[in-house]
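As structure tokens, the structure follows; a few thoughts come after it.
Chain identifiers are assigned alphabetically (A, B, ...) following the order of the sequence lines, protein sequences preceding nucleic acid strands; residue numbering begins at 1 within each chain.
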There are 2 protein chains.
Amino acid sequence: MKTIAHTDPTTPELATEASELRIATFRLARRLRAQRAIDTMSDGQFAVLATLKMYGPHTLGELAERERVSAPSMNRTVNCLEESGWLTRTPDEVDRRKVIIALTGEGLDVVEETVRRRDAWLESAIAALPDAKRAILRQAAGIMREVTAL
Amino acid sequence: MKTIAHTDPTTPELATEASELRIATFRLARRLRAQRAIDTMSDGQFAVLATLKMYGPHTLGELAERERVSAPSMNRTVNCLEESGWLTRTPDEVDRRKVIIALTGEGLDVVEETVRRRDAWLESAIAALPDAKRAILRQAAGIMREVTAL
DNA sequence: TATTGTTATACTCTATAACTATA
DNA sequence: TATAGTTATAGAGTATAACAATA
């Protein structure tokens, strides 16, 4: 009988399980987001720098699409980051309508410092856990990425 | 020798572990946040309704402090939610300077519908997982809450 | 003509400072 | 005098519409 799994004590209610994971995820994300190198920098600005670090230079349109934001909005964000010296605009040699946006050394430093702070906080939080719990978190991270890849 | 744990292949680098969990958490939180009942409602507005549902009525100052936002900013958010009929303002009988902000039935509906949608998305995502992976996520949720309680 | 980026303009959310009512 | 809330005003970040340059 297939419905047994539903009431089996070793596999609790799917609904409860989802709620618990939702709450835990939001709470951990909030704590992590609070750790940043430049505390005047918005999440949207940081996301652009992090994208440039991870995937290399982009055109304005590509950045806007990836961050699911309008082109004028991304243009403004890029202006701010350019003024701060964290990225550069270069006209595309082949298609002169385009501009290539790339991270500067200082921009890379900002991303790395923020990442370092977030990871340092998380490391110190999980370092104290027994190995078994750390193993759970390690496996969970993989499953969470699998789930969001759908 | 205590340092063995650090290089033991069964307990990978703490730094890698933290990074993986950070990325997975942000990604899952982002996907969850996208699910909402009223798609014109901001995260800040939803957070207020969720707080009122979870912890009951608050004064304006309490809400502002809990959400780490200025009083005028919270006042504006509360005005919007009041106009939409999702919460009520009532002068405090004892201290007439204060106003008690409480969820209406409609406000409760909005919170529950958003929570239902987020959980429905997450349920469908984890329902397909083998029991062993679901068990990992269930345990991880508990550990994540433990870590954020510090 | 179509596409890429930019400018013009407006709306929301945030903040600080000033004000009102109450303690 | 101090505190709770509100109003006034301004600074980011978002959007759509209109425009310029290039394909």
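In this structure, D92(B) places its CG atom 12 Å from C1' of dA23(C), rounding to the nearest Å. I100(B) has its CD1 atom 12 Å from the P atom of dA4(D), to the nearest Å. Between the NE2 atom of H58(B) and the C1' atom of dG5(D) there is a distance of 17 Å, given to the nearest Å. Atom CE in M74(A) sits about 12 Å away from atom P in dT6(C), given to the nearest Å. The interatomic distance linking L63(B) (CG) with dT6(D) (C1') rounds to 15 Å, in whole Å. For the pair N79(A) CG and dT6(C) P, the interatomic distance rounds to 7 Å; values are reported in whole Å. Rounded to whole Å, atom P of dT6(C) lies 13 Å from atom NZ of K98(A). Taking atom CD of E82(B) as the reference point, atom P of dG5(D) lies 14 Å away to the nearest angstrom.
Taking 4.5 Å as the limit, every side-chain heavy atom of R27(B) sits out of range of all side-chain heavy atoms of T25(A). Residues V48(B) and L87(B) are in side-chain contact: their nearest non-hydrogen atoms beyond the backbone lie under 4.5 Å apart.
Closest approach to the R97(A) side chain among dA23(D), dA15(C), dT6(D) is made by dA23(D) (side chain taken as heavy atoms from C-beta onward). In this structure, of dG5(C), dA23(C), dT6(D), it is dG5(C) that holds the atom nearest to the side chain of L60(A). Distance from the side chain of R76(A) is smallest to dT14(D) among dT7(C), dT6(D), dT14(D). Of all nucleotides listed (dG13(D), dA23(D), dA4(D)), dG13(D) comes nearest to the side chain of Q45(A). With dT6(C), dT4(C), dA2(D) as the choices, the nucleotide that has an atom nearest any side-chain atom of P72(A) turns out to be dT6(C).
Within the 4.0 angstrom heavy-atom criterion, only backbone atoms of the sugar-phosphate kind lie near G61(B); the bases stay farther away. Here N75(B) lies in heavy-atom contact (under 4.0 Å) with a base. Heavy atoms of V78(A) sit nowhere under 4.0 angstrom from any nucleic acid atom.
Nearest approach of L52(B) to P57(B), heavy atoms of both residues: CD2-CA, 4.2 Å. Here the closest non-hydrogen pair linking L49(B) and V110(B) is CD1-CG1, 4.1 Å. Shown here for R31(A) and T148(B), the closest heavy-atom pair between the two residues is NH1-O, 2.6 Å.
Where V69(A) and E93(A) meet DNA chain D, the nucleotide closest to each residue was compared, and V69(A) sits on the side nearer the 5' end. Along DNA chain C, the nucleotide nearest A71(B) and the nucleotide nearest C80(B) are compared for position; the residue whose nucleotide lies closer to the 5' end is C80(B).
Within the 4.0 Å cut-off from OP1 or OP2 of dC13(C), not a single side-chain nitrogen or oxygen of S42(A) is found. Contact annotation: T40(B) side-chain N/O to dT12(C) OP1/OP2 distance is not under 4.0 Å. Of the side-chain N and O atoms in S70(B), none sit less than 4.0 angstrom from OP1 or OP2 of dT14(C).
A cation-pi arrangement is absent between R117(A) and F46(A), since the terminal nitrogen or guanidinium carbon is not both under 6.0 Å from the aromatic centre and inside a 45° cone about the axis.
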